[in-house]
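Below is one structure, written out as structure tokens, with a few remarks after it.
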Amino acid sequence: MREPTDFDAIVVGSGISGGWAAKELTEHGLKTLVLEAGGPVDPNTDYVEHVQPWAMHFRGFGDRKALERDHPVQRGCYACDEVGHKFFVNDNENPYTTPDDAPFKWFRGRQVGGRSITWGRQVYRWSDLDFGANAKDGHGTDWPIRYKDIAPWYSHVERFIGITGANEGLSQLPDGEFLPAMQMTAVETDARGKILKSFGGERVMTIGRAAILTTNHNGRLACHYCGPCERGCITHSYFTSLGSTLPAAQKTGNLTLRPNSVVAEVIYDPTRGRASGVRVIDANTMEAREYTARVVFLCASTIESVRLLLNSKSTRFPDGLANSSGTLGKYVMDHHYGSGASGTVPGFTDKRTIGRRPNGIYIARFRNVKTEHPDFLRGYGMQGGSGRGGWGRGGSMAGYGAAFKDSLINELGPWSLSASGWGETLPNENNTVTLDPTTKDKWGIPAARMDVRWRENELAMDQDMKTAMAEMLDAAGCTNIRTHGSNNPPGHCIHEMGGARMSLTAKDGVLNRWNQAWDVKNLFITDGACMASSACQNPSITYMALTARAVANTVAMMKRREL
């Protein structure tokens with residue numbers, strides 16, 4: 001039987017936003033093709049969260065020579081280890097370039113499920129403080145939407161994937177539809193109260209809001225606290241497209257999933273002014289083929305979607321598809337993170353943790369919420385947690401037997417508490433993605449060239465993260481307080497955003513308020529490329545909500561025969 005090549009919808013990418021596009025499109029009855037550049041994943045054999053160090057050839061320390069050879073960039077991510085490197089690209093096959101003075105770490109996963117297998121699972125709604133920031137201070141272009149436009153879609157997503165968290169009633173961090181919250185440690189609970197009191201309720205430490213189940217939900221089992229989530233989850237206790245949205249799409253009978261399909265170009269039909277489909281290169285055979293559809297959704301991840309648009313040139317769009325504004329590839333952002341403080345917590349030595357809680361504490365943004373800070377615009381949230389000293393010391397100690405094991409469990413050090421900031425990056429026209437003029441990937445597609453830099457506002461914010469966290473630890477009664485800075489370059493946070501931003505007018509961006517390309521009415525981009533600013537919250541839940549919202553509008557337009 002000949003493989004079909006014409007569909008109602010094409011989705012490029014099978015990760016967090018691609019999975020949601022697939023689910024929503026197929027549930028609306030559209031025959032949908034999902035194209036994934038990487039190969040299939042079988043959770044029963046490929047997930048390795050329960051593989052213990054003694055079962056690994058290098059006991060968990062990894063094959064250093066192999067990682068240096070095949071993953072020189074990817075190994076900079078903690079999850080690219082001896083067993084987890086399978087969820088990261090081979091850097092030799094997938095090169096990119098940067099200026100010598102502007103390093104950028106691009107951590108990528110090409111497989112069915114994309115980076116939804118390895119993501120950090122933290123989810124925080126945006127507020128109007130975030131959606132209105134560009135208009136208020138003049139950096140970037142105003143968002144064409146506000147919180148009220150996306151709030152119902154946040155709820156739609158949360159109800160399906162399951163979010164653990166606690167309601168706090170904060171205007172800058174809207175509450176969501178939460179499953180029971182994970183328990184804070186005694187140390188964290190005590191610190192929360194003292195910090196609230198010392199700062200007049202302005203600084204709020206809460207349990208992290210995470211896409212991890214604390215109760216059985218939608219056919220998936222509650223988390224059993226085994227710990228290394230970044231290696232996969234055989235019980236699907238945290239959200240992945242592989243375990244949630246793609247199965248939902250498959251259930252409709254309207255999904256065609258094609259792995260090992262590297263999309264090289266969106267094909268533009270100048271007579272109709274529409275995208276007619278995509279040109280694909282088979283990752284294994286190098287065979288080229290084309291697929292057509294009424295609508296195309298780009299969900300390949302920020303840089304990949306921008307690269308694809310830049311490579312989709314024509315007489316009408318010589319500088320990249322849908323780029324009449326000239327903004328394609330500009331205003332690229334990531335969160336700067338890692339500066340903060342830690343301290344020793346006196347007492348509580350009769351307390352210990354059980355299992356490995358896959359979550360930490362979150363301190364909601366408090367800068368530039370009610371009063372303006374003199375040194376920087378926007379703000380940051382903080383993530384961290386508490387723990388007993390000495391939990392991991394057994395990995396480098398000699399010993400065996402029951403007495404040795406008992407000593408590792410019972411002879412622990414004091415408690416510590418720490419947190420670091422995740423800060424907003426201002427949109428800047430000079431932070432860019434372009435196509436490298438000479439470097440190409442394994443499939444002959446021009447590589448991305450990244451030129452993204454931290455600037456004065458981000459650096460000033462980093463300094464405040466250290467000072468503010470030290471103040472909170474002091475208020476919590478900690479001793480031996482130590483601040484720490486960060487030298488993480490852009491990209492390292494894996495929160496790339498921008499490059500094909502939403503805007504109020506066609507001259508200011510690539511997409512309208514429905515994630516629809518101003519210039520190509522049947523083309524939609526709903527991954528991080530669409531973002532007009534970065535806020536300080538982990539962004540994935542916003543991609544999911546925007547995707548579901550965009551699909552609903554797309555289907556309505558199709559029913560009205562506008563597409």
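Fair warning: this is a prediction, and the values are worked out from it, not measured in the lab.
No side-chain donor-acceptor contact under 3.5 Å links Q463 and D375. In this structure, a donor-acceptor pair under 3.5 Å is absent between the side chains of S533 and Y331. In summary, the side chains of R449 and T434 do not present any donor paired with an acceptor at a separation below 3.5 Å, with no hydrogens or angles considered.
Proximity of I150 to L546: side-chain heavy atoms (C-beta onward) are separated by under 4.5 Å at one or more points. Looking at L246 and S14, their side chains come closer than 4.5 Å, going by heavy atoms from C-beta outward.
For the salt bridge (Lys or Arg N to Asp or Glu O under 4.0 Å) test, no residue two or more places apart in sequence or in another chain qualifies with D128. A search for salt bridge (Lys or Arg N to Asp or Glu O under 4.0 Å) contacts involving E471 returns R203, not counting sequence neighbours. D282 meets the salt bridge (Lys or Arg N to Asp or Glu O under 4.0 Å) test with R258; sequence neighbours excluded.
Counting non-hydrogen atoms of other residues, nucleotides and ligands closer than 6.0 Å to CD of E68 gives a total above 12. The local environment of CZ in R455 is crowded, with over 12 non-hydrogen atoms from other residues, nucleotides or ligands closer than 6.0 Å.
Within the structure, salt bridge (charged side-chain N to carboxylate O under 4.0 Å, His left out) contacts touching residues 418-433 (residues at least two apart or in different chains) are K330-E429, R378-E424. Applying the side chain to side chain donor-acceptor pair (under 3.5 Å) definition to pairs two or more places apart or across chains, those involving residues 111-121 are R115-E496, S116-S241. Applying the salt bridge (charged side-chain N to carboxylate O under 4.0 Å, His left out) definition to pairs two or more places apart or across chains, those involving residues 89-106 are E93-K442, D101-R453.
Using cut-offs of 30° and 60° for the angle between ring planes, the Y124 and Y362 rings count as parallel.
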field: Stepwise side-chain hydrogen bond (donor to acceptor under 3.5 Å, both in side chains) check, S418 with S342
entry: CA-CA 4 Å; S418 66; S342 60; 5.6 Å; no
query: Checking side-chain hydrogen bond (donor to acceptor under 3.5 Å, both in side chains) for the pair H335/Y380: CA distance, chi angles, key distance, verdict?
result: CA-CA 9 Å; H335 288 141; Y380 56 87; over 6 Å; no
message: Applying side chain to side chain contact (heavy atoms under 4.5 Å, CB included) to I303 and F104, what does each step give before you reach the verdict?
response: CA-CA 12 Å; I303 300 169; F104 187 96; 3.7 Å; yes
